Participant: 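Here it is, the structure, as structure tokens.
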Amino acid sequence: MTAVVTRADVAFYEERGYLVVPDVLSEAELKVIRGELDQLVERACEVTENDDIFDLEDNHTPAVPKIRRIKSPDAVMPSVAALLGHRGMLDVLAQLLGSGVRFQVSKLNMKAAHDGSAVEWHQDWAFHPHTNDDLLTVGVMLDDVDETNGPLCVLPGSHRGEIHDHHANGYFSGAIDPVKNPIDFSAAVPLVGTAGSMTFHHVRTVHGSAPNRSVRQRNLLLFQFAANDAFPLVHPIGDLASFDRMIVAGEPTIEPRVTEVPVRMPLPPAPQEGSIYEIQRTMANRFFD
């Protein structure tokens, strides 16, 4: 399907730091993705601890599998890999990031009914600052999302502000301390929509999500993208050819665009490495129950 994004939508994204585009994926496309996801969930019955594919909920058992994240779903789900060339999504990315776009990483965050781990307030920029901040995350709604089933929530306009401290006890914790930071989280906006809709939020936008307290699951596929001329400041480029193969639009470059953007380094690293869920265990004060 083709996504229609107007100049007003682009202006909204630039001012507010997020955008919701409805009906980017068709029901047929969603059916294929869900089918492959169901197969992975069946495989999780044989898994007892986190591995290269699965990030498990604390209450996971082989009899009742509870997965909070599929790591790098583009590597294990052909339908997800195919989405990297989806014209509807690429059309939106071109308008928000420019003609050159590089894929970075994918994740599939899962929240079962009456369950599902929260993700505490944070800015993606805190994890991976670059030479410029033309980066964003795409959220693909695999289920209908409303205010009851743990939607992604964002603080409008926060992408234009400071980079908040994401440290606890002297180490990177991947989260903003809600007690030490005077942020009005009540101003957050839930990003809701029907399955097949996509969300786009700026890399510096403050966001998080509560546990799922509803009777419906909430599975959200996430892609991170960057402008081709945004180069990482933290994680070195090991192989330029592999780095360039991640480009989904435009041409490669070895001339980073450097802009004056605020940066806090995610150092020293969290003592407990792993996904954001593991890293956020080290934070001193939590916002979500």
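Just so it is clear, the structure is predicted and the values come from calculations on it, not from any experiment.
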Participant: Hey, is CG on Asp38 packed in by over 12 heavy atoms from elsewhere, all under 6.0 Å?
Facilitator: yes
Participant: Which atom names give the shortest non-hydrogen contact between Tyr277 and Asp55, and what distance separates them?
Facilitator: CD1-OD2, 3.9 Å
Participant: Would the distance check show the side chain of Asn212 and the main-chain N or O of Lys111 forming a donor-acceptor pair, the cut-off being under 3.5 Å?
Facilitator: yes
Participant: Might you work through the salt bridge (Lys or Arg N to Asp or Glu O under 4.0 Å) test for Arg34 and Glu27, ending with a clear yes or no?
Facilitator: CA-CA 10 Å; Arg34 291 167 178 159; Glu27 185 58 37; 2.9 Å; yes
Participant: Any ring pair (Phe, Tyr, Trp, His ring centres under 6.0 Å) involving residues 130-152? Give me the pairs, sequence neighbours left out, ordered by first then second residue.
Facilitator: His128-His130
Participant: Quick one: does any side-chain atom of Asn149 pair with a main-chain N or O of Val145 as donor and acceptor, under 3.5 Å?
Facilitator: no
Participant: Any donor and acceptor pair, going by atom type alone, linking the side chain of Arg218 with main-chain N or O of Gly150 inside 3.5 Å?
Facilitator: yes
Participant: To the nearest 0.5 Å, what is the distance between CZ (Arg102) and CG (Asp244)?
Facilitator: 6.0 Å
Participant: Starting from Val192, can I reach Val189 by hopping between I/L/V/M/F/W/Y residues whose side chains sit under 4.5 Å apart?
Facilitator: no
Participant: Please step through side-chain contact (heavy atoms from CB on, under 4.5 Å) for the pair His86 and Leu25, ending with a clear verdict.
Facilitator: CA-CA 9 Å; His86 193 279; Leu25 297 188; 3.4 Å; yes
Participant: Could you give all pairs that pass the salt bridge (charged side-chain N to carboxylate O under 4.0 Å, His left out) test and reach residues 228-238, with sequence neighbours left out?
Facilitator: Asp229-Arg257
Participant: Tell me, please, which residues at least two apart from Val10 pass side chain to side chain contact (heavy atoms under 4.5 Å, CB included).
Facilitator: Val5, Glu14, Gln95, Leu96
Participant: Do Gln280 and Ser173 get their side chains close enough for a donor-acceptor pair, meaning under 3.5 Å?
Facilitator: no
Participant: Would a distance-only check, ignoring hydrogens and angles, find a side-chain to backbone donor-acceptor pair under 3.5 Å from Thr205 to Gly17?
Facilitator: yes
Participant: Hydrophobic clustering (ILVMFWY, side-chain heavy atoms < 4.5 Å, transitive) - are Val140 and Ile67 grouped together?
Facilitator: yes
Participant: Mind checking whether Phe54 and Arg43 have side chains closer than 4.5 Å, heavy atoms only?
Facilitator: yes
Participant: Measure the acute angle between the ring planes of Tyr13 and His202, then classify it against the limits of 30° and 60° as parallel, tilted or perpendicular.
Facilitator: tilted
Participant: When Ile, Leu, Val, Met, Phe, Trp and Tyr are grouped by side-chain heavy atoms lying under 4.5 Å apart, directly or through other members, which residues fall in the same group as Phe243?
Facilitator: Phe231, Ile237, Leu240, Ile254
Participant: So, do Trp121 and Ile183 sit near enough that their side-chain heavy atoms are less than 4.5 Å apart?
Facilitator: no
Participant: Where the side chain of Ser158 meets the backbone of Val206, is there a donor-acceptor pair that is under 3.5 Å apart?
Facilitator: yes
Participant: Is it true that Glu120 and Arg281 have a side-chain N and a carboxylate O under 4.0 angstrom from each other?
Facilitator: no
Participant: Filter on salt bridge (charged side-chain N to carboxylate O under 4.0 Å, His left out), then keep only pairs touching residues 184-200, sequence neighbours left out; what's left?
Facilitator: none
Participant: Under 4.5 Å side-chain heavy-atom separation, chaining through any Ile, Leu, Val, Met, Phe, Trp or Tyr, what else clusters with Ile247? Say none if it is isolated.
Facilitator: none
Participant: How far does CG of Asn109 sit from CG of Leu221, to the nearest 0.5 angstrom?
Facilitator: 9.5 Å
Participant: How far apart are the C-alpha atoms of Arg69 and Leu108, what are their side-chain angles, what is the distance that settles it, and do they pass the side-chain contact (heavy atoms from CB on, under 4.5 Å) test?
Facilitator: CA-CA 5 Å; Arg69 170 174 287 180; Leu108 203 168; 5.9 Å; no
Participant: Scan for side-chain hydrogen bond (donor to acceptor under 3.5 Å, both in side chains) pairs involving residues 261-273, sequence neighbours excluded, and state none if there are none.
Facilitator: Gln272-Glu278
Participant: For Ala195, does its backbone N or O pair with a side-chain atom of Asp144 as donor and acceptor, under 3.5 Å?
Facilitator: yes
Participant: Distance check, rounded to the nearest 0.5 Å: Ile176 atom CD1 versus Met283 atom CE?
Facilitator: 9.0 Å
Participant: Ignoring hydrogens, what is the shortest heavy-atom contact between Ile279 and Gly274? Give both atom names and the distance.
Facilitator: CD1-O, 3.6 Å
Participant: Considering only heavy atoms from C-beta outward, does the side chain of Met110 approach that of Arg68 to under 4.5 Å?
Facilitator: no
Participant: Which atoms form the tightest heavy-atom contact between Pro190 and Pro151, and what is the distance?
Facilitator: CB-CG, 3.9 Å
Participant: Under 3.5 Å, side chain of Asn228 to main-chain N/O of Gly98, donor-acceptor pair present?
Facilitator: no
Participant: First locate atom CG of Asp146, then atom CG of Leu191, and finally report the distance between them rounded to the nearest 0.5 Å.
Facilitator: 13.0 Å
Participant: Between Phe287 and Phe185, is the gap from one ring center to the other below 6.0 Å?
Facilitator: yes
Participant: With salt bridge (charged side-chain N to carboxylate O under 4.0 Å, His left out) as the rule and sequence neighbours excluded, what pairs involving residues 121-133 come up?
Facilitator: Asp133-Arg204
Participant: Without placing hydrogens or testing angles, list every side-chain donor-acceptor pair under 3.5 Å for residues 70-78, not counting sequence neighbours.
Facilitator:
residue, atom, partner, partner atom, Å
Lys71, NZ, Asp51, O, 2.7
Asp74, OD1, Ser106, OG, 2.6

Participant: Is a side-chain N or O of Glu29 found less than 3.5 angstrom from the main chain of Ser26, in a donor-acceptor match?
Facilitator: yes
Participant: Take Val138 and Leu93 through the test side-chain contact (heavy atoms from CB on, under 4.5 Å) and record every step on the way to the result.
Facilitator: CA-CA 9 Å; Val138 178; Leu93 290 173; 4.0 Å; yes
Participant: Would Arg87 and Asp91 pass as an ion pair if we require N to O under 4.0 Å?
Facilitator: yes
Participant: Which residue pairs pass the ring pair (Phe, Tyr, Trp, His ring centres under 6.0 Å) test with at least one member in residues 132-157, sequence neighbours excluded?
Facilitator: none
Participant: Quick one: hydrophobic cluster around Val263, which other residues, with the 4.5 Å side-chain cut-off, linked directly or via members?
Facilitator: Trp125, Leu135, Ile163, Val203, Leu233, Val234, Val261, Met265, Leu267
Participant: Start with the C-alpha distance between Gln123 and His207, add both sets of side-chain angles, then the distance that settles side chain to side chain donor-acceptor pair (under 3.5 Å), and finish with yes or no.
Facilitator: CA-CA 7 Å; Gln123 294 163 295; His207 62 287; over 6 Å; no
Participant: Not counting sequence neighbours, which residues clear salt bridge (charged side-chain N to carboxylate O under 4.0 Å, His left out) with Asp143? List them please.
Facilitator: none
Participant: Look at the side-chain heavy atoms of Ile, Leu, Val, Met, Phe, Trp and Tyr, link any pair under 4.5 Å apart, and say whether Val119 and Leu222 land in one connected group.
Facilitator: no
Participant: Do the ring centers of His166 and His122 come within less than 6.0 Å of each other?
Facilitator: no
Participant: Let's go through Phe200 and Thr137 carefully: what are the C-alpha distance in whole Å and the side-chain angles of both, what is the deciding distance for side-chain contact (heavy atoms from CB on, under 4.5 Å) to 0.1 Å, and is it a yes or a no?
Facilitator: CA-CA 6 Å; Phe200 299 78; Thr137 297; over 6 Å; no
Participant: Return the CG to CZ distance between Asp165 and Phe172, rounded to the nearest 0.5 Å.
Facilitator: 9.5 Å
Participant: Show the nearest heavy-atom pair for residues Leu56 and Thr48, with the distance to one decimal.
Facilitator: CD1-C, 3.9 Å
Participant: Inspect the surroundings of CG in Asp239 and state if more than 12 heavy atoms from other residues, nucleotides or ligands are less than 6.0 Å away.
Facilitator: yes
Participant: Nearest heavy-atom pair of Pro65 and His60: which atoms, and what distance?
Facilitator: CA-ND1, 3.3 Å
Participant: Where is the tightest heavy-atom contact between Ala168 and Ala284, given as atom of each residue plus distance?
Facilitator: CB-N, 4.0 Å
Participant: Which distance, rounded to the nearest 0.5 Å, do you find between the CG of Leu30 and the CG of Leu37?
Facilitator: 11.5 Å
